[in-house]
Chemist: 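Pasting a structure here, questions to come.
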4 protein chains.
Amino acid sequence: MPSENETFIEAARRAQLTDCAAGVIAEVGLGKASMARIAERAGVSVGVISYHFGNKAGLIAAVMTDAAQAAVAMMEPLIVAQSSATLGLRALITSNLEFMRLHPERLRAMLEIIQHDNGLYAEQGAQAITDVQKVLHWGQQTGEFGDFDTRVVATSIRAAIDAVPAMLGHVEDLDLTAYGEQLADLFERATRKETR
Amino acid sequence: MPSENETFIEAARRAQLTDCAAGVIAEVGLGKASMARIAERAGVSVGVISYHFGNKAGLIAAVMTDAAQAAVAMMEPLIVAQSSATLGLRALITSNLEFMRLHPERLRAMLEIIQHDNGLYAEQGAQAITDVQKVLHWGQQTGEFGDFDTRVVATSIRAAIDAVPAMLGHVEDLDLTAYGEQLADLFERATRKETR
Amino acid sequence: MPSENETFIEAARRAQLTDCAAGVIAEVGLGKASMARIAERAGVSVGVISYHFGNKAGLIAAVMTDAAQAAVAMMEPLIVAQSSATLGLRALITSNLEFMRLHPERLRAMLEIIQHDNGLYAEQGAQAITDVQKVLHWGQQTGEFGDFDTRVVATSIRAAIDAVPAMLGHVEDLDLTAYGEQLADLFERATRKETR
Amino acid sequence: MPSENETFIEAARRAQLTDCAAGVIAEVGLGKASMARIAERAGVSVGVISYHFGNKAGLIAAVMTDAAQAAVAMMEPLIVAQSSATLGLRALITSNLEFMRLHPERLRAMLEIIQHDNGLYAEQGAQAITDVQKVLHWGQQTGEFGDFDTRVVATSIRAAIDAVPAMLGHVEDLDLTAYGEQLADLFERATRKETR
DNA sequence: GATGAATGAGATTTCATTCAT
DNA sequence: AATGAATGAAATCTCATTCAT
């Protein structure tokens, strides 16, 4: 029996568990997401989670890592491929919403985790804001954007994007693509240099 | 002993407890805010809380009600007194930040509660968005504002405002008044009718 | 209702719990002495222990403190009242065995705790040896005792005394008073100055 | 594949595992010595231990047997070779300390096991005391030793010896050979017939 | 012979709630 | 009105043991 097979099984189990964990966290919130509930959804015993991830913190970290990697992998190429900061900012917003459409549970879980454990994952949240700031600086240097405080605007853009998942539970048939275009229009108006 | 005195003591006790609860929730988060911790800060026994509020949910509801009433009482007059929707939106944003400056604990507690119990206080969150939407409709009817989806913009405005308390823990010496002006400028650009 | 009464109830409960804990530890060993088992013997819920002692470590510490205080209170006056180091050493040994006879569970529990958590209560064990060393120094200065390494002899005396509780479970009708005399004789021969 | 080879491999595996188990037990105590920890130190899977020893109790028993056999093999010849009980007792003590110097982990593990499982290995402890008693009877019959209770003295000698390993963790550079001489002197004085 | 994934029991700890005084 | 002792449930973590491969 090849060791790759062993690793494959291991990886599959880990993926299954992080998926289930993300699902439960997205559904009931991090506070109510007990290991028993996650294990029950995965159809395994609670000990399995400790076995694979050490403890609950390890599982949470794995959920974060998975989601963050998937999000970056999808979004970053779309953003850097744009020919202007204006298009870059639009791509940042719409690709975020697109990721949300394809992986709603992962994203909700990620936000839950960031919002809850303010101490541990604060850096991840700060990094996400910094990423937005980079695009804003880009546009200010090319003259596309006006002269605003990038921290305030970047924080607001992230907040506006991150507010969407909370609506998914309440609003039926939310068109995320259309929502993304509206958001992109909104912040295009808010950031472009005012001609006069 | 007159019954008014009773009521007065009763009200004072309730106010003391909701204040302490808000303080603890703002400090350690709703998840770690145990009844014992709240009672300890208030210098009373845990039973007192159950006595006055029935159970923890009752206390949380009281914290929400108090904070929301205080916020509305401060902000609403400032908003409706404005002579234009543009100024009204600015007043909404800056008065929000002003409330945050004067009552940081109450506001943080309120946001914690809304974010945690997704099912229970969703209506309060929806109401807060609707309140913003009213101002936006006002501006669209007067022709001050452009033709955008008010739900998207209102949600973004609330999200941008509500993102601020989380920064208070990390950023030192955050000038909330200046931050409010920046936010108001941002959404003024984003909402005004585009002249061409 | 006077507060002393409250304190009295509290103290009585604490004493009951430390007694039960000492009993369980003496019976099944510290490793198997779960809080559930202790609570069961006390006829209370497990939460009561946490309520009174914070956590298991707090309970263990209380057991140690109680036993150590009782032991010192009984033994120290008997030792210092002696007119010579030879009689002092004998009093130290026999009063130890006497305490063992009157409080076998407390003593066994104390030894279990010292032997197990080598890190935490090592100082208590070291102190007990130092106490013996003091008597040995006393005798060396008066010329009653020979010129031996007091650390070796003190450690051996303590070990010989502390080995007794383990026998209580196996040997029936062990006469602790007679045992104490034998031990005292043994170490009197081992310590006295050799006259030739 | 010859069966002797099987047996040889089998024996080597068992020896490796008992050594690792003794090492872990000596280091962290029997309570914290989990199968996983022992398997990790041996560089094998946990299942191997169950395979070879049935269960944890079987492994512990093997550790005991190995250590006890090694101790007897080293000490017994040295004791019985002596020409007098006085020298025999000295040899018993010093060879014990010598074994401790050469195999500190095995001895610590053995003591840990005896102290913990009061019921199971009590006989081993009793046997060790009986072995000392034999030497004491020898000396009483030859007239070298006085007329004391051999059980009390034998228990004390064993306790004095067994107290040494606990010091190894706390005292730096403990000279076990010198300690052994001091101990031997101590119990020579305590046991010899008093001339008058 | 060996692996390591999985189980299930047991232990501690936290906490909202209840209730006699 | 208030106290605080007590309960019982829920959650996490550890670990010996089992078993399919």
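Below, read A as the first sequence line, B as the second, and so on, with proteins coming before strands; counting in each chain starts at 1.
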Chemist: C/Q124 side chain to C/I114 main-chain N or O, any donor-acceptor pair under 3.5 Å?
Modeler: no

Chemist: For the base of E/dG10, is there a side-chain donor-acceptor partner from C/S34 under 3.5 Å away?
Modeler: no

Chemist: If each of B/V44 and D/S50 is mapped to the nucleotide of DNA chain F with the nearest heavy atom, which maps nearer the 5' terminus, i.e. the 5' end?
Modeler: B/V44

Chemist: Give the rounded distance in Å between these two atoms: CG of C/N55 and P of F/dA11.
Modeler: 22 Å

Chemist: How close or far is atom P of E/dT12 from atom CD1 of C/I60, stated in whole angstroms?
Modeler: 9 Å

Chemist: Round to the nearest Å and state the distance from B/K56 atom NZ to E/dT14 atom P.
Modeler: 15 Å

Chemist: Taking for each residue the nucleotide of DNA chain E bearing the nearest heavy atom, is the 5' side occupied by B/A57 or by D/G43?
Modeler: D/G43

Chemist: Starting from P on F/dA16, measure out to NZ on C/K32 and report it in whole angstrom.
Modeler: 12 Å

Chemist: For the pair made of CE in B/M35 and C1' in E/dT17, what is the distance, rounded to whole Å?
Modeler: 8 Å

Chemist: Is C/H52 near enough to F/dG4 that one of its side-chain N or O atoms lies under 4.0 angstrom from OP1 or OP2?
Modeler: no

Chemist: Please determine if a side-chain N or O atom of C/R13 lies less than 4.0 Å away from the OP1 or OP2 oxygen of F/dG4.
Modeler: no

Chemist: What distance separates D/I60 CD1 from D/N55 CG, expressed to the nearest 0.5 Å?
Modeler: 9.5 Å

Chemist: Rounding to a whole Å, what distance do you find between D/E40:CD and F/dT14:P?
Modeler: 14 Å

Chemist: I need the minimum non-hydrogen distance between B/F53 and B/L59, along with the two atoms involved.
Modeler: CB-N, 3.6 Å

Chemist: Is the shortest side-chain N/O distance from B/R37 to OP1 or OP2 of E/dC15 below 4.0 Å?
Modeler: no

Chemist: Find the distance A/Y51:OH to E/dG4:P and express it as a whole number of Å.
Modeler: 7 Å

Chemist: Considering heavy-atom distances to DNA chain E, does B/G54 or A/G47 have its closest nucleotide positioned more toward the 5' end?
Modeler: A/G47

Chemist: Which nucleotide, in any strand shown, forms a Watson-Crick or G-U wobble pair with E/dA20, with both distances under 3.5 Å?
Modeler: F/dT3

Chemist: Could you let me know what E/dA9 is paired to, Watson-Crick or G-U wobble, both distances under 3.5 Å, or none if it's on its own?
Modeler: F/dT14

Chemist: Is a salt bridge present between D/E27 and D/R37, judged by a nitrogen-to-oxygen distance below 4.0 Å?
Modeler: no

Chemist: Of all the choices, F/dT7, E/dA5, E/dG8, which nucleotide is nearest to the side chain of A/S45 once you look at every atom?
Modeler: E/dG8

Chemist: Round to the nearest Å and state the distance from D/I49 atom CD1 to E/dT3 atom P.
Modeler: 11 Å

Chemist: Mind checking the CG-CZ spacing from D/L30 to D/R108? Nearest 0.5 Å is all I need.
Modeler: 11.5 Å

